[in-house]
Amino acid sequence: MTPAVKAILAGYESDNPGVKANLARMLMQGRLGGTGKMVILPVDQGFEHGPARSFAPNPPAYDPHYHFQLAIDAGLSAYAAPLGMLEAGADTFAGQIPTILKVNSSNSWATNINQAVTASVDDALRLGCSAIGFTIYPGADDVFDMIEEIRELSAEAKSVGIATVIWSYPRGGKLSKDGELALDVGAYAAHMAALCGAHIIKVKLPTDHIEQKDAKKAYEGGDWSTQAKRVAHVKQACFNGRRLVVFSGGAAKGADAVFQDARDIRDGGGNGSIIGRNTFQRSREDAMAMLDKIIAIYLGQE
């Protein structure tokens, strides 16, 4: 284990050896192993957006085995997916890549901003997962129920040595559409995930918009002009860097924008990318080339 990983693990003072071992599994895996940086492949979009919207641009991606193999061959840190996706490749790929079981999900037809619990800590143990993943929606009326759900699930996971990843995506309530990506809102959402006991926090890259009227004064005089500076602020909001923070890739976009995001995350001190549609909706050849360059960026080679 490298000094960088030991320093990260030292920030998790209450956790048992099992949790720290599973965090170390992810941090020491793949081409970024030992650097303190991570690239994770998340494939929960079938639940969120439907199979055709998710996989039709690259039909081989309908096969769960495709994603396991992509994450392994690209040298990624972990692979995250809902229960059925992990079950479909659990035996073939056992032990080859750390997995994160996404234990709640939504769908594109629902009108309320919430997610259903779709898997358990027992499932994560049975499948050999390193962590559970859970989404909260700060701002939504149902977020209080979601926070109570993750309190129970996280406590159970920690008791059996499994880490917790929280997707913290602000939406609903008094938030405007611009406010969902606002700097103050994103930092608040990341901090909320840290307060809920997350080991790894997943958030979206923030804009320089400040949404909350009561927060404007706190942000006056700060330079939020670059994405790297905004990343640094989100990382600061997560216990001054004591928690791992990875940033999502969002909807499919041009390769240059994806690479610039990775540079900004690196330069702002973020811990890496959790990037799904921007890779698996491309051909395998293009996805492998993209992931190769993203990893090179985090290694300081690009």
Side-chain angles (χ1 to χ4, degrees), residues 1-40 42 76-78 80 98-101 103 121 124 129-136 138 147 150-169 183 186-206 228-248 262 264-274 298-300:
M1 190 183 294
T2 64
V5 172
K6 286 182 179 179
I8 289 168
L9 295 181
Y12 299 89
E13 297 192 17
S14 71
D15 285 295
N16 58 43
V19 168
K20 291 195 175 188
N22 273 314
L23 288 170
R25 279 176 68 191
M26 293 183 280
L27 287 163
M28 294 300 296
Q29 174 78 19
R31 291 176 55 201
L32 289 171
T35 64
K37 303 295 184 185
M38 312 172 79
V39 175
I40 298 169
L76 304 190
S77 308
T99 52
I100 300 166
L101 175 61
V103 296
V121 172
C129 298
S130 293
I132 59 168
F134 190 93
T135 295
I136 62 172
I147 288 170
I150 190 54
R151 179 196 67 200
E152 298 292 336
L153 286 162
S154 179
E156 185 182 354
K158 290 174 182 178
S159 74
V160 294
I162 293 175
T164 296
V165 185
I166 293 182
W167 279 236
S168 194
Y169 287 171
L183 175 60
Y188 191 171
H191 184 70
M192 204 179 293
L195 292 173
C196 285
H199 298 100
I200 302 173
I201 296 155
K202 179 191 177 191
V203 288
K204 296 181 180 181
L205 283 161
K229 289 178 180 176
R230 300 193 292 271
V231 165
H233 177 62
V234 172
K235 181 76 175 174
Q236 180 186 39
C238 296
F239 300 165
N240 204 29
R242 290 180 181 270
R243 292 294 176 265
L244 289 159
V245 185
V246 294
F247 293 83
S248 65
D264 292 337
I265 294 165
R266 177 198 66 195
D267 294 347
N271 294 101
S273 299
I274 180 160
Y298 283 121
L299 289 172

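Inter-residue side-chain proximity for Ile166 and Lys202 is flagged as unmet; no heavy-atom pair is nearer than 4.5 Å. Proximity of Val39 to Tyr298: side-chain heavy atoms (C-beta onward) are separated by under 4.5 Å at one or more points. With contacts defined as side-chain heavy-atom distances shorter than 4.5 Å, the pair Glu156/Ile132 does not qualify. A 4.5 Å side-chain heavy-atom check between Pro98 and Ser77 finds every atom pair outside the cut-off. Looking at Ser130 and Thr99, their side chains never come closer than 4.5 Å, going by heavy atoms from C-beta outward. Looking at heavy atoms from C-beta onward, Trp167 lies in side-chain contact with Ile274 at the 4.5 angstrom threshold.
Considering only residues two or more places apart in sequence or on other chains, Ala24 meets the side chain to side chain contact (heavy atoms under 4.5 Å, CB included) condition with Met1, Leu9. Partners of Arg266 according to the salt bridge (Lys or Arg N to Asp or Glu O under 4.0 Å) rule, which considers only residues two or more places apart in sequence or in another chain, do not exist here. For Ala190, the side chain to side chain contact (heavy atoms under 4.5 Å, CB included) test picks out Ile201, Val203, Val234, Cys238, with sequence neighbours left out. Annotation: ring pair (Phe, Tyr, Trp, His ring centres under 6.0 Å) contacts of His191 (sequence neighbours excluded): Phe239.
Rounded to the nearest 0.5 angstrom, Leu299 CG and Arg31 CZ are separated by 6.5 Å. Note that CD1 of Ile136 is 5.0 Å distant from CD1 of Ile147, once rounded to the nearest 0.5 Å. Taking CD1 of Ile100 as the reference point, atom CD1 of Ile200 lies at 5.5 Å (rounded to 0.5 Å).
In terms of modelled atom types and a separation under 3.5 Å, the side chain of Asn22 and the main chain of Ala163 share no donor-acceptor contact.
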**OP:** Verify side-chain contact (heavy atoms from CB on, under 4.5 Å) between Leu205 and Asp264, making sure each step is shown before the conclusion.
**Re:** CA-CA 10 Å; Leu205 283 161; Asp264 292 337; 5.7 Å; no
Subject >> Step-by-step side-chain contact (heavy atoms from CB on, under 4.5 Å) determination, Tyr169 to Lys204 >> reply: CA-CA 7 Å; Tyr169 287 171; Lys204 296 181 180 181; 3.8 Å; yes
Original post:
Do Phe134 and Cys196 pass the side-chain contact (heavy atoms from CB on, under 4.5 Å) test, and can you show the C-alpha distance, the side-chain angles, and the key distance before you say yes or no?
Top reply: CA-CA 11 Å; Phe134 190 93; Cys196 285; over 6 Å; no
Original post:
How far apart are the C-alpha atoms of Leu27 and Leu32, what are their side-chain angles, what is the distance that settles it, and do they pass the side-chain contact (heavy atoms from CB on, under 4.5 Å) test?
Top reply: CA-CA 8 Å; Leu27 287 163; Leu32 289 171; over 6 Å; no
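Nearest heavy atoms, Ser154 versus Thr164: OG-OG1, 3.2 Å. Summarising the geometry of Gly34 relative to Thr2, their closest heavy-atom pair is O-OG1, 2.7 Å, with the distance given to 0.1 Å. Nearest heavy atoms, Ala237 versus Ala187: CB-O, 3.6 Å. Of all heavy-atom pairs between Asn16 and Lys158, the closest is ND2-O, 2.7 Å. Taking all atoms of both residues into account, the shortest heavy-atom contact from Leu101 to Ala124 is CD2-N, 3.5 Å. Between Ile162 and Cys129, the shortest heavy-atom distance links the atoms CG1-O, 4.1 Å.
Around OH of Tyr188, the count of heavy atoms belonging to other residues, nucleotides or ligands within 6.0 Å does not exceed 12.
The side chain to side chain donor-acceptor pair (under 3.5 Å) pairs that include a residue from residues 6-15 are Asp15-His199, where partners are two or more places apart or lie in different chains. A salt bridge (charged side-chain N to carboxylate O under 4.0 Å, His left out) check over residues 234-243, counting only residues at least two apart or in different chains, returns nothing.
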